Amino acid sequence: MENGASSTKEEGFLSRMALNDNKAGMEGLDRDKINKIIMETSKGSRFYENELKKEQQVNQRIEKMMLQKAQITEQQLKKAQAQVERVALELERSRDLTRVIVHVDMDAFYAAVEMRDCPELKDKPMAVGSMSMLSTSNYHARKFGVRAAMPGFIAKKLCPNLVIVPPNFDKYRAVSDEIREIFADYDPHFQPVSLDEAYLDFTDHLEKRQSWPESCRTHRCRTSSTEAVPEVANLSPVLFEDSPSSSPCLLSPEGVRASGGAFEVFGTSVEEAVREMRFRIEQKTTLTASAGIAPNMMLAKVCSDKNKPNGQYVLPSTREAVMDFVQALPVRKVSGIGKVSEKMLNALGISSCSHLAQQMALLSLLFSETSWHHFMQVSLGLGSTYIPRHEERKSMSTERTFKELSKVEEQLSLCRELCEDLAEDMKKEDLKGKTVTLKLKNVNFEVKTRALTLQYAVATADEIFAVAKDLLKMEIENESPQPLRLRLMGVRISAFVGLDDKKPLQKSIIGFLQPGKTGSSGPTQELHQKLENEHFSTRSVLTWHFAGVPTAQKKQEEVSESLTCPVCFRQVETTDLNVFNRHIDQCLSNTCRKPDHSTDSDSESDLELESKGLDKHRGESEVEKQEAKNYPQEAQRSLKNHSQTDSSISADNETAPQPRNNKGSILTCPVCQLTQDTNDLTVFNHHVDLCLNQEVLHELRGQTSSPINTLSVTKSKATGECVYYMSVCLTVSHLTGAQSLILSKGLGPHNTIDKFFR
DNA sequence: ATACATACC
DNA sequence: TACTGGTATGTAT
């Protein structure tokens, strides 16, 4: 189907800018006129230029796809067709029409709340948001083409009388809580999608409902008996002039009893149950909701949009009804198929799901397996029939847009602020994550993300900032001598360690330290057992394993009267844990200073270093050598490849000698990268053991310590005896426990880092 | 693992 | 004047 903006051929690349009118309340308006205004208002802006760029990228993707398509032979297509049919058959077998899934969606939620609470707004076009961005508009405003995700200043051009109300999220959350209470009555395991939207499985409710007496299906109007009925209707926001009132107080005369209270009895069917739920929502909040009823989530979602606002739509649970429904369904209506997918499909002549089915063989050759399987499901009208329990979050982030920010100090302090905010949010959910991602958007709207995964999870603002700051500084250096001209910065944390993982780390260390505790097996055997155990931290297993070898503990296995200190590796002749703990405490307080030389958590001094170090690059001061240590060469190299302006700095960096490795035969620790004042390998080994254990010590102490990241290890030059230790460090983060154990044992001293990586 | 893109509200 | 913020997931390397 044609795509709003692509009406003129010279502007075939403006589809991203054009009005998206496939949502409710946007039918039959003057698209061309609206798009003209949008274009005129946007043209020439940095945003617009970036949109053009992105559009070109999509067009290139499509071109590439078309080229691929042209090379497909009849043979391939035939084979694909067979494959597609096999999959279709299999999917068909899995079809389940026994569930009743409901998708509920509040109508113009934020806008409706504001209208409810401010009668002035009721008959005006209004939107919630700011001059920069709108999050919702009421139906009045939609007639002008004003919609969610449109900047307010453009909306004002489309509709000069538009009233823009700033959002009150606390209020929306409160209303959301109210409607969720009602949802829970129909499905206690309902899945919220956002504040105003949820999926419910009505199946169980309907079964019970069949035997419910009428009294359980009778719901009163919220009006007190002294209030006049019409006032209720006035409170409801007018979504459309011709919006049908769902208030039974007005519609059913038999609902008004002598007592003065109005009520309504609902039947036992699905439609009635959902109508009842919507009725209760409206009574409770004075806001209306729409709902879709279907045999699966994908269809329910489409259905809830069908009779919006304040309506519902049932798709009968028969294969025939589903297939008919899907045939006519435009692909863009399907959740998950957005602007870009739509455009790519359109290029193949696919606009409705019937086309989707017809072209499935082709799609299976042009798209990834996950993609075409999804398309296939959609074309068959299939979707989730059970509502997955709310899954654990996978990431948490915070980002901010601002006026151009180009000063390094300001960028760093903003970064710190973001880290603090993020840490605060993480604390609320008691989260710890291993991957920190920095997001940057420059004034040309170009977005960059830079991530680093640590060997252990972090949670505090300082810990996160220690990483984010380095990522940011790398970008700053990359761009220098030009400054980064930012319009947005964000920090995200992911790769959370589960609650299961947090505690077992400590538990299992204790377990390891108590040889007799878990059966008759000694520490070595127990280690192998732990390797099979998902809950045991791979990282600490390796560390312990490695640490255990040089101290030749095997002889101690039978002697269960002593415990091994994780810090000094000595046998402590006691079985009393209190005594033992005191010993560990002592060791910890003795050793925690030395490795902390490599710590980089002092942000204040970093900030100062920054301003000095940035303007005059490659000075020879101690300070800068210290700083350089924080930029893993591997990372720098890969980052340079991405940067447009190739600065001369990188070459200097790569060829620069490692200052600390040139001092005769003195050994450099691959972990902390400090030279060790010894040639005695036993002493040196002991030091590296300690460094490797930093991670465990970190957990034990619960303190901020230097993030030993994997990349920093690759930085140091692999020479002689260090190799073995380095390979262990690397295996820790790249392999699973069992693999790395074997590898690290099998590695000889002649392996190089590069060889190991390949 | 990282970067970037797409999608949803 | 002015084009979001939070989360998940797909695609590509």
Side-chain angles (χ1 to χ4, degrees), chain A residues 16-17 20 23 38 41-42 45-51 53-55 57-58 61 64 105-106 108-110 128-136 147-157 164 167 169 172 176 192-198 301 332 334-344 367-374 391-404 418 421-422 425 434-441 443-454 471 487-495 634-635 638-639 641-642 709-711 733-735 757:
Chain A
R16 340 178 38 92
M17 297 291 300
N20 193 344
K23 288 289 172 219
I38 294 177
T41 312
S42 309
S45 67
R46 294 178 194 271
F47 176 82
Y48 177 84
E49 293 302 319
N50 189 250
E51 287 300 296
K53 204 179 90 189
K54 287 198 277 184
E55 189 84 31
Q57 277 169 16
V58 172
R61 234 176 109 185
K64 216 162 93 187
D105 193 346
M106 299 297 290
F109 187 48
Y110 297 172
V128 175
S130 70
M131 219 42 169
S132 300
M133 188 50 60
L134 303 180
S135 36
T136 342
R147 51 159 302 135
M150 178 182 276
F153 70 93
I154 289 177
K156 277 282 200 183
K157 290 257 162 86
I164 297 178
F169 287 107
Y172 313 144
S176 185
V193 180
S194 58
L195 289 182
D196 76 314
E197 201 180 310
K301 168 88 198 196
R332 186 61 174 85
V334 177
S335 177
I337 301 182
K339 254 194 287 226
V340 173
S341 303
E342 181 194 28
K343 203 176 169 182
M344 303 226 293
F367 289 82
S368 71
E369 195 182 62
T370 35
S371 289
W372 77 260
H373 277 194
H374 179 238
E391 300 200 5
E392 277 178 30
R393 75 152 70 239
K394 298 190 170 60
S395 72
M396 182 179 267
S397 66
T398 182
E399 66 185 53
R400 218 158 289 158
T401 296
F402 35 77
K403 263 184 106 107
E404 175 170 347
L418 288 165
D421 291 354
L422 183 59
D425 289 345
K434 292 198 292 182
T435 304
V436 176
T437 306
L438 178 75
K439 176 175 170 180
L440 302 173
K441 178 149 67 181
V443 290
N444 293 320
F445 290 86
E446 295 162 330
V447 177
K448 258 184 202 171
T449 58
R450 293 291 175 259
L452 187 64
T453 301
L454 305 166
L471 294 169
R487 83 173 332 265
L488 170 145
M489 191 187 295
V491 181
R492 174 163 71 249
I493 186 127
S494 52
E634 288 298 328
S638 76
L639 291 172
N641 292 340
H642 280 280
N709 63 51
T710 22
L711 287 173
S733 63
H734 290 290
L735 300 167
F757 259 126

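By convention in this document, chain letters (A, B, ...) are assigned in the order of the sequence lines, proteins followed by strands, and residues within each chain are numbered from 1. Keep in mind it's a predicted model, so treat the numbers as computed, not measured.
Closest to the side chain of A:Met133, from the set B:dA7, C:dT4, C:dA2, is C:dT4. Of all nucleotides listed (C:dT7, B:dC4, C:dT4), C:dT4 comes nearest to the side chain of A:Phe445. For A:Glu197, taking side-chain heavy atoms from C-beta onward, the closest of the listed nucleotides B:dT6, B:dC9, C:dC3 is B:dC9. Among the nucleotides B:dA7, B:dC9, C:dC3, the one closest to any side-chain atom of A:Val340 is B:dA7. When each of B:dA7, B:dC9, B:dA3 is scored by its nearest atom to the side-chain atoms of A:Lys301, the top-ranked nucleotide is B:dC9. The nucleotide whose nearest atom lies closest to any side-chain atom of A:Gln57 is, among B:dA5, B:dC4, C:dG10, B:dA5. You'll find that the side chain of A:Phe153 is closest to C:dA2, out of C:dA2, B:dA3, C:dT4. Which of B:dA3, C:dC3, C:dT7 sits closest to the side chain of A:Met396 comes down to C:dT7. With distances taken from any side-chain atom of A:Thr449 to the nucleotides C:dC3, B:dC4, B:dA5, the minimum falls on B:dC4.
In this structure, NZ of A:Lys64 is placed 13 Å from C1' of B:dA5, rounded to the nearest angstrom. In this structure, A:Tyr172 atom OH and B:dC9 atom P are separated by 18 Å, rounded to whole Å. Taking atom OH of A:Tyr110 as the reference point, atom P of B:dC9 lies 12 Å away to the nearest angstrom. Protein atom CG of A:Asn50 is 12 Å distant from nucleotide atom P of C:dC3, rounded to whole Å. When the P atom of B:dT6 is taken as reference, atom CE of A:Met344 falls 8 Å away, rounded to whole Å. Between the CG atom of A:Leu488 and the C1' atom of C:dA2 there is a distance of 15 Å, given to the nearest Å. As a whole-Å value, the separation of A:Glu404 CD from C:dC3 C1' is 16 Å. Summarising the geometry, the separation between CZ on A:Arg61 and C1' on C:dG10 is reported as 9 Å, rounded to the nearest angstrom.
A close approach under 4.0 Å does occur between a side-chain nitrogen or oxygen of A:Thr401 and OP1 or OP2 of C:dG5. Phosphate contact (OP1/OP2 of C:dG6, side-chain N/O of A:Ser395, threshold under 4.0 Å): absent. Dashed line: the shortest gap from a side-chain N or O of A:Arg393 to OP1 or OP2 of C:dT7 is under 4.0 Å. Contact annotation: A:Thr398 side-chain N/O to C:dG6 OP1/OP2 distance is under 4.0 Å. Listed pair A:Arg46 / C:dA2 fails the phosphate criterion, with no side-chain N or O lying under 4.0 Å from OP1 or OP2. The shortest distance between the side-chain N/O atoms of A:Ser397 and the OP1/OP2 oxygens of C:dT7 is below 4.0 Å. Look at A:Lys394 and you'll find a side-chain N or O under 4.0 angstrom from OP1 or OP2 of C:dT9. Taking side-chain N and O atoms only, A:Ser132 has no distance below 4.0 Å to OP1 or OP2 of C:dT1. For the pair A:Ser194 and B:dC8, the criterion of a side-chain N or O lying under 4.0 Å from OP1 or OP2 is not met.
In terms of position on DNA chain C, the residue among A:Thr370 and A:Ile154 whose nearest nucleotide sits closer to the 5' end is A:Ile154. Closest-nucleotide positions on DNA chain B for A:Ile337 and A:Arg492 were compared, and the one nearer the 5' end corresponds to A:Arg492. Each of A:Glu399 and A:Ser45 was assigned the nucleotide of DNA chain C with the nearest heavy atom; the assignment lying further toward the 5' end belongs to A:Ser45.
Between A:Arg46 and A:Glu49 there is no salt bridge, since none of the side-chain N atoms of the basic residue sits less than 4.0 Å from a carboxylate O of the acidic one.
Contacts of A:Ala149 with the nucleic acid, taken as non-hydrogen atoms under 4.0 Å apart, include base atoms. Contact annotation for A:Ser335: backbone-only contact, meaning every heavy-atom pair under 4.0 Å involves sugar-phosphate atoms and none involves a base. When heavy atoms are screened at a 4.0 angstrom cut-off, A:Val491 is found touching no nucleic acid atom at all. Within the 4.0 angstrom heavy-atom criterion, only backbone atoms of the sugar-phosphate kind lie near A:Ser371; the bases stay farther away.
A:Lys441 is linked by a salt bridge (Lys or Arg N to Asp or Glu O under 4.0 Å) to nothing, counting only residues two or more places apart in sequence or in another chain.
Proximity of A:Arg332 to A:Asn20: side-chain heavy atoms (C-beta onward) are separated by under 4.5 Å at one or more points. The closest side-chain heavy-atom distance from A:Leu452 to A:Val436 is not below 4.5 Å. Between A:Met17 and A:Glu55 the shortest side-chain heavy-atom distance does not fall below 4.5 Å.
Under the 30°/60° scheme for interplanar angles, the aromatic rings of A:Phe445 and A:Phe47 are found to stand perpendicular.
At a cut-off of 3.5 angstrom, counting only N and O atoms as typed in the model, there is no donor on one side facing an acceptor on the other between the side-chain of A:Ser135 and the base of B:dC9.
The backbone N or O of A:Val128 sits less than 3.5 Å from a side-chain atom of A:Ser135, completing a donor-acceptor pair.
Remark: the separation of the P atoms in C:dT4 and B:dA5 is 16 Å, to the nearest Å.
For the residue pair A:Ser45/A:Ser42, the side-chain donor-acceptor check at 3.5 Å is not satisfied.
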